[in-house]
Number of protein chains: 2
Amino acid sequence: MHSQRGQCAKRLSILEAAAEVFCRQGFAGASIDEIASAACVSRQTVYNHYREKDNLFMAVVEDVMDRANAMLFSTLSSFPEIPERLEDDLAAFAVRLSQNCICNQDGKFLRKLVLSEGERYPHLFEGWRQHGPRKIGTALAALFARLSYKGLLQVDDFDVAARQFLALVNADLQMSTLFGVTPTEVELESAARNAVRTFIRAYGAPAQANAPALPAV
Amino acid sequence: MHSQRGQCAKRLSILEAAAEVFCRQGFAGASIDEIASAACVSRQTVYNHYREKDNLFMAVVEDVMDRANAMLFSTLSSFPEIPERLEDDLAAFAVRLSQNCICNQDGKFLRKLVLSEGERYPHLFEGWRQHGPRKIGTALAALFARLSYKGLLQVDDFDVAARQFLALVNADLQMSTLFGVTPTEVELESAARNAVRTFIRAYGAPAQANAPALPAV
DNA sequence: GACGTTTTAGACAATGGTGTCTAGTTTTAC
DNA sequence: GTAAAACTAGACACCATTGTCTAAAACGTC
């Protein structure tokens, strides 16, 4: 028998290879043989660890989601409690967000697989939605609420603003992210700058009275 | 032999059914048998019209692209030459755009198939990019240039503004479009209104001096 | 070094797909 | 009405894939 949780090297290697092959070929197009040989492992070993293809696929999705979730959490909590120069802070934050959560390998995997296999596995789609976009959305909304309360922004609907912020950041990256090309640092920064500039034009507080240094909430 | 261009009913029926099945199952997951029976046609007929599966797939993509392209053109040229109330005109335009070109069946098909099979058929992806997003982008940029010239907007970078406009319109619809659910009229209108409001806040001309009725350019 | 576990390579049946072929039927055109 | 074209249903060979099984090899641990 196999210790389900003892993440021996083979198990990880299989997960990794499976993610790559599933992402490139889709569920139906990926063959266990290809995954096994990409993982430098015999086919039988794959079947030993994950009873069947469906099972392996679910394990891969779960694994990628866990990683993406941890990354998302750490990125979201990286916004400074007391922003010094709002525009720069937001731009840097946008760069980190796209780099760590959108344009990375896991982000690509989830977008692609959820979209193409979501109809076949509805609960997969639902899980992704709850853990991915939903969580980003509420966290961003909370951030903008905080900034509005401090007088640094003038946002009326926090949820709409959150979605728009994400959409703006993605605006210049969509082509790259769709094709799977990871944009360069320069592209990321330019995209973030464009996005933040428009966002602040629309939602910036009119009086640029540099916040009267409220004590951290 | 078969008249390649004589679009007999069977041919169309096959194209239609194939689009549906390819979209639902992906290329690898779709079987000719399923397509044939969905089209109420024998398998042999499919092979008579389209020599092989690859060929059929290409024909479907081409067909959908042509339709989407025509629809895009007619929608883009529907923006009034002399806008009366910019915000309302832009909102109505955004609704038409999402309704006719993004949230419809063809839009869903293209997004899904290009994303999941784009890596296998690079020229497919390239073609879609040229005919879809690229074309929308340049057309919108031209529109914003025109509006800026008339003093109705204050846009510095037309291309960036075009991408941002599209991104904002999509912001509230992404979940629906990803899942394949066609949003209701109400949702479309609310999404358009949110998008246009933010867009005009960012790019609206400061002096709301109702354009001095320049002769149509 | 011996034992149990894990891994391997390969054979294997079962399944389901593609693409071809044939023989018979329907549709279309003249 | 008749002949050609298009279509159907089914059988078919061929191949790839899934998932099982076995016997041998590698590994780790005591």
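Note: hydrogens, waters and symmetry copies are ignored here, and every other heavy atom, side chains too, is used. In the text below, chain A, chain B and the rest are named by the order of the sequence lines, each starting its count at 1.
- With salt bridges taken as basic N to acidic carboxylate O contacts below 4.0 Å, none links A/D159 and A/R163.
- For the pair A/Y47 OH and C/dG10 P, the interatomic distance rounds to 17 Å; values are reported in whole Å.
- Contacts of residues 52-59 of chain A with DNA chain C (heavy atom under 4.0 Å): none.
- Between the A/D33 side chain and the A/R43 main chain, no donor and acceptor come within less than 3.5 Å of each other.
- B/L12 places its CG atom 16 Å from the P atom of D/dA6, with the value rounded to the nearest Å.
- Residues of residues 112-122 of chain B that place a heavy atom closer than 4.0 Å to DNA chain D do not occur.
- With a 6.0 Å radius and a threshold of 12 heavy atoms from other residues, nucleotides or ligands, B/Q105 has its CD atom at or below the threshold.
- For A/F165 and A/F144, the gap between ring centers is short of 6.0 Å.
- Atom CZ in A/R51 sits about 9 Å away from atom P in D/dG19, given to the nearest Å.
- Rounded to a whole Å, the CG atom of A/N48 is 10 Å from the P atom of C/dT8.
- A donor-acceptor pair is defined here as one N or O able to donate and one able to accept, closer than 3.5 Å; such a pair exists between the side chain of A/Q164 and the backbone of B/N194.
- For the pair A/R197 and B/D156, the salt-bridge criterion is met [side-chain N within less than 4.0 Å of a carboxylate O].
- B/Y47 meets the ring-ring contact (aromatic ring centres under 6.0 Å, His included) test with no other residue; sequence neighbours excluded.
- In this structure, A/T45 reaches the C/dT8 phosphate: one of its side-chain N or O atoms is under 4.0 Å from OP1 or OP2.
- B/N69 meets the side chain to side chain donor-acceptor pair (under 3.5 Å) test with no other residue; sequence neighbours excluded.
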Exercise answer: donor-acceptor pairs, residues 128-136 of chain A side-chain atoms, under 3.5 Å, sequence neighbours excluded:
residue, atom, partner, partner atom, Å
A/Q130, NE2, A/E126, OE2, 2.9

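- Contacts between residues 16-32 of chain A and DNA chain D, defined by a heavy-atom separation under 4.0 Å, are made by A/A30, A/S31, A/I32.
- For B/F109, there are no ring-ring contact (aromatic ring centres under 6.0 Å, His included) partners at least two apart in sequence or on another chain.
- Checked against side-chain contact (heavy atoms from CB on, under 4.5 Å), A/S42 has the following partners two or more places apart in sequence or in another chain: A/Q44, A/T45.
- Here C/dG17 presents its C1' atom at 12 Å from CD1 of B/I35, a figure rounded to the nearest Å.
- Within the cation-pi definition used here (under 6.0 Å to the ring centroid, within 45° of the axis), A/R96 does not qualify as a partner of A/F79.
- The ring-ring contact (aromatic ring centres under 6.0 Å, His included) check on B/F57 picks up B/F22, B/F27, B/Y121, with sequence neighbours excluded.
- Comparing B/S42 and A/D33 by the nucleotide of DNA chain D whose heavy atom lies nearest to each, the residue mapping closer to the 5' end is B/S42.
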Protein-nucleotides 10-12 of chain D N/O pairs closer than 3.5 Å?
residue, atom, partner, partner atom, Å
D/dA11, N6, B/R43, NH2, 3.1

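- The list of salt bridge (charged side-chain N to carboxylate O under 4.0 Å, His left out) pairs with a residue in residues 173-195 of chain A, not counting sequence neighbours, is empty.
- Side-chain N/O atoms of B/K10 include one lying less than 4.0 angstrom from OP1 or OP2 on D/dT8.
- Contact annotation: A/H49 side-chain N/O to C/dT6 OP1/OP2 distance is not under 4.0 Å.
- Each end of the helix from C/dG1-D/dC30 to C/dC30-D/dG1 yields a helix axis from five base pairs, and these two axes differ in direction by 30° (to the nearest 10 degrees).
- With hydrogens and angles ignored, the 3.5 Å screen pairs no side-chain donor or acceptor of A/T182 with any backbone N or O of A/C103.
- Using modelled atom types, no side-chain atom of B/S190 and backbone atom of B/V186 make a donor-acceptor pair closer than 3.5 Å.
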